[in-house]
Amino acid sequence: MKNNKKIITLFVAVSLLNGCSGGNSSKKNEDFYIKDTNAFNILIGQYANNIEEIWGPREVLIAGPKDYVQYEDNLQTRVHINFVSGVITIETLSDSPIESLKEAIVSTLLMPEPVDIIRHDKISQDLSQEPFLYNQILDQERQPIRWSGRANNFADYVLANNLKIRRSGIHNITYVEIKLVPNHISERAKKFLPLVTEASNRYFIDERLILAIIEVESAFNPYAVSRSDALGLMQVQQHTAGRDIFQLFGKSGEPSRKYLLDPRNNVDMGTAYLSLLKTKYLAGINNPISLRYAIITSYNGGAGSVLRTFSNDRDQAIDIINSMTPQQVFRKLVTSHASQESRNYLIKVSNILDNR
């Protein structure tokens with residue numbers, strides 16, 4: 001990137017998550033933590049207004065947990081990575097579209113792991129590490145892209161063969177689309193598997209469960225930030241689960257945004273929270289499969305709401321769960337839990353586990 005270019009990475013959620021990604025905490029605050037997200041929402045609103053002024057009212061694009069959006073070139077050029085569909089769209093309003101698109105393509109291919117959510121400096125490649133999208137994109141020779149020479153050659157190929165123009169309002173938007181490999185989710189998962197294994201062993205939580213939760217929460221997007229300011233791979237929120245886990249670690253306060261956007265810290269804290277649900281909030285549930293269903297639903301919507309699905313009295317709720325088969329517990333949660341989102345969440349995570 002040219003030094004005078006300002007690069008801004010913006011995140012905002014498609015949906016509001018509860019539980020670890022929005023509302024879990026200690027008994028006192030378990031489901032009712034009030035999120036202090038005003039400053040974050042103001043920041044997002046300001047940039048959204050700037051984007052609308054430049055791109056038009058139908059072209060405001062800011063990211064969510066499974067979408068990465070980066071603006072550069074004074075907001076004239078942007079990169080959108082959809083981590084679910086596996087499509088990268090790079091588009092520009094620039095008067096020099098080829099130059100702007102090539103620069104954005106190359107920087108995207110070589111971008112490192114996230115450091116902060118707002119960048120003002122040139123993105124430089126760490127030659128000791130593979131780029132974040134390594135093995136997720138293959139060039140015209142079906143080769144992965146690690147170095148600048150191959151990245152520049154592929155950018156030239158894309159611009160020569162895939163350049164498109166679309167009309168939006170008064171603007172002609174020049175763009176290219178690049179597809180990730182079909183197994184891009186599993187390729188990203190491989191990057192974080194050592195962290196997951198480490199956390200699994202530390203907290204005695206099934207590695208498969210951690211991976212399934214990450215896939216549903218962020219599709220293995222370490223850049224993920226939601227409207228409720230849940231952060232990173234496991235969508236841990238500073239003010240709720242983050243505060244709880246810091247207390248568990250004997251620390252005061254809550255983790256910083258930078259701390260939670262580090263994949264190692266994020267996976268460790270998210271898994272620690274799963275352990276806290278298992279050993280404290282949901283302690284007493286005997287059947288391991290029933291307990292797993294309760295943990296999954298609690299991670300999204302809070303342990304209190306899970307127990308209240310069975311009874312307003314905690315001890316009675318535990319007794320009722322223990323009197324049911326796992327299939328009955330699952331059915332009760334996906335039909336009677338107060339939150340439709342939490343009901344769907346249990347189904348999604350369980351489907352992933354069943355297919356692993």
Side-chain angles (χ1 to χ4, degrees), residues 1-11 47-48 50-64 67-114 117-125 130-181 184 221 223:
M1 299 286 175
K2 294 183 175 64
N3 290 333
N4 64 343
K5 289 191 175 182
K6 185 177 182 181
I7 305 173
I8 304 170
T9 307
L10 302 173
F11 304 86
Y47 282 121
N50 292 339
I51 294 165
E52 181 175 349
E53 289 179 5
I54 294 171
W55 287 78
R58 296 183 179 181
E59 293 291 336
V60 177
L61 181 61
I62 42 185
D67 293 88
Y68 170 81
V69 178
Q70 182 184 82
Y71 286 83
E72 61 183 75
D73 195 15
N74 295 318
L75 301 181
Q76 293 285 319
T77 302
R78 67 187 179 194
V79 177
H80 172 209
I81 306 175
N82 186 314
F83 286 106
V84 177
S85 68
V87 176
I88 302 175
T89 304
I90 303 175
E91 49 193 1
T92 187
L93 299 172
S94 170
D95 292 332
S96 303
I98 301 299
E99 177 184 352
S100 295
L101 287 175
K102 181 173 181 178
E103 198 164 10
I105 292 169
V106 172
S107 67
T108 301
L109 294 172
L110 300 179
M111 72 176 178
E113 301 289 351
I117 66 166
I118 300 179
R119 296 180 185 272
H120 302 281
D121 302 321
K122 177 181 178 181
I123 296 178
S124 58
Q125 184 182 12
E130 295 174 347
F132 175 66
L133 293 175
Y134 184 73
N135 278 334
Q136 296 178 63
I137 299 173
L138 300 180
D139 69 6
Q140 68 275 21
E141 298 174 348
R142 307 301 297 169
Q143 296 298 313
I145 301 166
R146 176 163 183 175
W147 309 110
S148 61
R150 189 172 288 275
N152 276 277
N153 288 340
F154 183 57
D156 290 336
Y157 173 84
V158 170
L159 290 168
N161 292 276
N162 298 327
L163 191 66
K164 301 176 183 178
I165 298 175
R166 65 183 179 88
R167 186 76 177 174
S168 179
I170 62 173
H171 300 297
N172 284 324
I173 300 174
T174 307
Y175 70 101
V176 295
E177 291 181 336
I178 301 171
K179 291 185 178 180
L180 302 182
V181 296
H184 60 93
N221 170 21
Y223 304 82

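The two residues S94 and T92 have their closest heavy-atom pair at N-OG1, 3.0 Å. Contact detail for W55 and L75: the closest heavy-atom pair is NE1-O, 2.7 Å. Across every non-hydrogen atom of L138 and P144, the tightest pair is CD2-N, 3.6 Å. Scanning all heavy atoms of the two residues, the minimum distance from N74 to I54 falls at O-CD1, 3.7 Å. Closest of all the heavy-atom pairs between I145 and F154 is CD1-CD2, 3.6 Å. Closest non-hydrogen pair, H184 versus F83, comes out as CE1-O, 3.1 Å.
A 4.5 Å side-chain heavy-atom check between R167 and N172 finds at least one atom pair inside the cut-off. When side chains are defined from C-beta on, L163 counts as touching I98, because their heavy atoms get closer than 4.5 Å. Side-chain contact between I90 and V176 is present, with heavy atoms from C-beta onward closer than 4.5 Å. I105 has its side chain within reach of V158: a pair of non-hydrogen atoms, C-beta onward, lies under 4.5 Å apart. The side-chain heavy atoms of H171 and E59, taken from C-beta on, include no pair separated by under 4.5 Å. Between N135 and V181, the closest side-chain pair of non-hydrogen atoms is not below 4.5 Å. Counting heavy atoms from C-beta on, the side chains of H80 and D67 come closer than 4.5 Å. Proximity of I81 to M111: side-chain heavy atoms (C-beta onward) are separated by under 4.5 Å at one or more points.
Under a 3.5 Å cut-off, the side chain of D73 and the backbone N or O of Q76 do not form any donor-acceptor pair.
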Checklist line | Steps toward side chain to side chain contact (heavy atoms under 4.5 Å, CB included) verdict (I88, V79) | finding: CA-CA 7 Å; I88 302 175; V79 177; 4.1 Å; yes
Check: Given V69 and I62, is the side chain to side chain contact (heavy atoms under 4.5 Å, CB included) satisfied, shown in steps?
Finding: CA-CA 6 Å; V69 178; I62 42 185; 5.7 Å; no
Next item on the list: Decide side chain to side chain contact (heavy atoms under 4.5 Å, CB included) for L93 and I173; before the verdict, give the C-alpha distance in whole Å, the side-chain angles of both, and the deciding distance to 0.1 Å.
Entry: CA-CA 5 Å; L93 299 172; I173 300 174; 3.6 Å; yes
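Expressed to the nearest 0.5 Å, how far CD of E52 lies from CG of L61 amounts to 13.0 Å. Atoms CZ and CD1, from F132 and I137 in turn, are 10.5 Å apart once rounded to the nearest 0.5 Å. A distance of 10.0 Å separates CH2 in W147 from CG in L110, rounded to the nearest 0.5 Å. Taken from CG in D95 to OG in S100, the straight-line distance is 8.5 Å, to the nearest 0.5 Å. Here D156 contributes atom CG and Q140 contributes atom CD; the two are 9.0 Å apart, rounded to the nearest 0.5 Å.
The aromatic rings of Y68 and Y223 are tilted relative to each other, their planes meeting at an angle between 30° and 60°.
The neighbour count for N161 CG, taken as heavy atoms of other residues, nucleotides or ligands under 6.0 Å away, is above 12. By the 6.0 Å contact criterion, CZ on R58 is open, its count of non-hydrogen atoms from other residues, nucleotides or ligands being 12 or less.
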